[in-house]
Student: 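If you scroll down you'll find the structure; I have some questions about it.
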Amino acid sequence: DILSIYVSSLSPEATTFFNETNTPDQSASAFTTRTSVGYLVDVNGFIEMPLIGKVKLGGLSTLYARDTLTRRLENYLQSPTVRIYFENFRVTILGEVSRPGVFTVTNEKLSLTEALGLAGDLTIFGDRKRVMLIREQEGEKKFISLDLTSRDLFQSPYYYLHSNDVLYIEPVKARAAQGDNFYRVAPFVMSTITLIAVLVTRFLITN
C-alpha cells in the first residue's frame, strides 16, 4: 500500500518538516501532493517518517493508524492531527459492465455495489447471479461466486472489496449462446465469401 499522510499542528513551521517529499530510495518513489506525502508500506507493514522513524501500520484501519501516528508526533509537535488516505486502492472490473477497467479510489472501504457503480453497472447481458470475485490471500488466488440478487450478499465477508480485487461479471446464457453461434457460423461464412471471390475472379479473367 501507499498511504497519503498529511500532518498539521499548532506549529506550522515544524509541521512542514513532516509534509516534505519523502523519497527514501529509488524503489520507494513517493507520490506527493501539495498537502500530503506518499509513504510506501513495506512487506513487514512499516512506514518510515522523519524523526519518528519506523512505525508499524500494517493491518490497522486508517482510524487506528491515525491515532498511532498522532501519539508518536506528540513528542515533536504541539497538538498534532493526522489525516491518512489510500493512494493505490485499486479494483479491476471486467465482463458485462458498461465501463470495464481498473478503478482507483481513496476510500478505506469500497463495497461491491459501489464498485459496480463506478463501472456503470451491469449491461443487459450481465448475469446478476454469477459474479466472480478473484482475490489473492496469503499468496493464493481465491475464486468466489457471488449472487447480486441475494439479500445475504450484504452480510457476506466479500461485500467489501480489498485492494487489487478483480470482479468478473459473467454473461447470461443467451449471450454466451449467441457468441457460440457466431464462432460456429463464422468459418462457414468466410468459406462462402472466399468461394464467391474465387468464382468472380475467374469470371473476370475469362471475360
Student: Is it true that atom OH of Y159 has more than 12 heavy atoms of other residues, nucleotides or ligands lying nearer than 6.0 Å?
Tutor: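 More than 12 heavy atoms, drawn from other residues, nucleotides or ligands, come within 6.0 Å of this atom.
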
Student: Return yes if some donor-acceptor pair links the side-chain N/O of N44 with the main-chain N/O of F46 below 3.5 Å, else return no.
Tutor: no

Student: State yes or no: do I84 and L60 share one hydrophobic cluster built from I, L, V, M, F, W and Y residues joined by side-chain heavy-atom distances below 4.5 Å, directly or via other members?
Tutor: yes

Student: Which atoms form the tightest heavy-atom contact between I169 and V131, and what is the distance?
Tutor: CG1-CG2, 4.2 Å

Student: Is it true that a side-chain atom of S111 and a backbone atom of E114 form a donor plus acceptor pair closer than 3.5 Å?
Tutor: yes

Student: With S9 as reference, evaluate T81, T70, T15 under the side chain to side chain donor-acceptor pair (under 3.5 Å) test and give the passing residue.
Tutor: T15

Student: Test your reading of the model: is there a side-chain donor-acceptor pair from D165 to the backbone of H162, 3.5 Å cut-off?
Tutor: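 Yes.
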
Student: Around Q137, counting heavy atoms of other residues, nucleotides and ligands shown, do more than 12 lie under 6.0 Å from its CD?
Tutor: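 Correct, the count exceeds 12.
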
Student: Decide whether E13 and T16 meet the rule of one side-chain donor and one side-chain acceptor closer than 3.5 Å.
Tutor: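 No, because no side-chain N or O of E13 sits under 3.5 Å from a partner of the opposite role on T16.
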
Student: L69 versus R71: any side-chain heavy-atom pair under 4.5 Å?
Tutor: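 A side-chain contact under 4.5 Å is absent here.
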
Student: Run the side-chain contact (heavy atoms from CB on, under 4.5 Å) test on V82 and L73 for me, step by step, so that the C-alpha distance in whole Å, both residues' side-chain angles and the decisive distance to 0.1 Å come before the verdict.
Tutor: CA-CA 9 Å; V82 178; L73 288 167; 3.6 Å; yes

Student: Out of curiosity, does Y85 fall in the hydrophobic cluster containing Y160 (side-chain heavy atoms, cut-off under 4.5 Å, transitive links)?
Tutor: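 No: no chain of side-chain contacts under 4.5 Å links Y160 to Y85.
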
Student: Answer yes when E48 and K54 have at least one side-chain N-carboxylate O distance shorter than 4.0 Å, and no when they do not.
Tutor: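 Salt bridge absent between E48 and K54.
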
Student: Any donor and acceptor pair, going by atom type alone, linking the side chain of D147 with main-chain N or O of L153 inside 3.5 Å?
Tutor: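 No; zero donor-acceptor contacts below 3.5 Å.
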
Student: Is it true that D121 and R128 make a salt bridge, defined as a side-chain N closer than 4.0 Å to a carboxylate O?
Tutor: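 Salt bridge present between D121 and R128.
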
Student: Taking the side chain from R72 and the backbone from V55, do they hold a donor-acceptor pair closer than 3.5 Å?
Tutor: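 No, the answer is negative, given that no donor and acceptor are paired below the 3.5 Å cut-off.
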
Student: Compare all side-chain heavy atoms of L133 with those of L161 and state whether any distance is below 4.5 angstrom.
Tutor: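 When only atoms from C-beta onward are counted, L161 and L133 do touch, with a gap below 4.5 Å.
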
Student: Measure from the side-chain N and O atoms of T92 to the backbone N and O of V166, and report whether any donor-acceptor pair falls under 3.5 Å.
Tutor: no

Student: Using side-chain heavy atoms (C-beta onward) and a distance below 4.5 Å, is Y76 in contact with I52?
Tutor: yes

